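Input: a single structure, listed below in structure tokens.
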Amino acid sequence: MILPYSFYSRNDVVLIAREMIGKVLVSRFDGKTTSGVIYETEAYNGIVDKASHAFGGRRSPRTEIMYRDGGTAYVYLCYGVHSLFNVVTNKEDIPHAVLVRAVRPLDNMKLMLERAGKSRFEKKTGDGPGKVSALLGIHYSHTGMSLLCIPSNLKHDGIWIEDREIIVPDHAIAALPRIGVQYAGKDAKLPYRFRTELL
DNA sequence: CATAGGATCGCCT
DNA sequence: GGCGATCCTATGT
């Protein structure tokens, strides 16, 4: 089942980030589908979250995407090198987002290896938000795409997330501080990162 | 217009 | 554990 608007539009971004563990991130570009099982995410809790790009209600051409309705892709360039993929959650004008930090490669390993410039898979191949985008072919120019409009035409591009009923028990999901947000002061310590070692 | 810095990665030691 | 790559974005003049 493709995750519907009702999954993304809820107001608890931390819960959504936790529930995204075990879901399958899918992309289709040039008619070629690739996917991976999500095993690490981070929640960014809108205008009250110092670690969020939208902290304090800041708006800019880049962060404007975060104020869109739930189910929109927010992809931005980090360190001039890496595209980082997030899903916007909640309703329009509430800039919540979930960063996908790691996936276990699933469909079309060959193409994903090629994209990552690797010759074989290792445990860490999809571990890291920059690597997630590299494997799936997601680029910062894809920011603003809807994850709810699934292309029926196989030649059409699209990104979406599926529930393939992969069960990850609650006790197997660790809640940890987020990575790389030391500038966020007190908010840097919030347990908004979710990760499982089961997948 | 100029500038500093970033929700990272891979390679080096 | 340290560092350079690399370029967009935000901010300030």
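Protein chains get the first letters and strands the later ones, always in sequence-line order, with residue 1 at the start of each. Remember, predicted model here, so these are calculated numbers, not experimental data.
- Under the side-chain contact (heavy atoms from CB on, under 4.5 Å) criterion, A/Tyr140 pairs with A/Val75, A/Leu77, A/Ser83, sequence neighbours left out.
- Interface residues of residues 106-130 of chain A facing DNA chain C, ordered by number: none; criterion, heavy-atom separation under 4.0 Å.
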Subject >> Under the 3.5 Å Watson-Crick or G-U criterion, the dot-bracket string of DNA chain C, with | for inter-strand pairs >> reply: |||||.||||||.

Check residues 110-118 of chain A and write down every donor-acceptor pair under 3.5 Å in which the side-chain atom is one partner and the other belongs to a residue at least two apart or another chain.
from	atom 1	to	atom 2	distance (Å)
A/Arg115	NH1	A/Thr34	OG1	3.0
A/Arg115	NH1	A/Leu135	O	3.0
A/Arg115	NH1	A/Leu136	O	3.2

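- In this structure, the side-chain hydrogen bond (donor to acceptor under 3.5 Å, both in side chains) partners of A/Tyr5, at least two apart in sequence or on a different chain, are A/Asp69.
- A heavy atom closer than 4.0 Å to some atom of DNA chain C occurs in no member of residues 177-199 of chain A.
- Against DNA chain B, the stretch residues 37-63 of chain A makes heavy-atom approaches under 4.0 Å through A/Tyr44, A/Ala51, A/His53.
- For DNA chain B, the outermost nucleotides in 5' to 3' order that have an atom under 4.0 Å from a heavy atom of chain A are B/dG6 to B/dG10.
- Sequence neighbours left out, the pairs with a member in residues 88-99 of chain A that pass salt bridge (charged side-chain N to carboxylate O under 4.0 Å, His left out) are A/Arg59-A/Asp93.
- Within residues 68-86 of chain A, the residues having any heavy atom closer than 4.0 Å to DNA chain C are, in order of number, A/Leu77, A/Tyr79, A/Gly80, A/Val81.
- Contact check of residues 87-103 of chain A against DNA chain B (heavy atom, cut-off under 4.0 Å) returns A/Leu99, A/Arg101.
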For residues 187-199 of chain A, which side-chain donor-acceptor pairs fall under 3.5 Å, sequence neighbours excluded?
from	atom 1	to	atom 2	distance (Å)
A/Asp187	OD2	A/Lys50	N	2.8
A/Arg193	NE	A/Pro177	O	2.8
A/Arg193	NH1	A/Glu40	OE2	2.8
A/Arg193	NH2	A/Pro177	O	3.4
A/Arg195	NE	A/Glu197	OE2	2.7
A/Arg195	NH1	A/Glu40	OE1	2.4
A/Arg195	NH1	A/Asp127	OD1	3.3
A/Arg195	NH2	A/Asp127	OD2	3.1
A/Thr196	OG1	A/Ala172	O	2.9
A/Thr196	OG1	A/Leu198	N	3.1

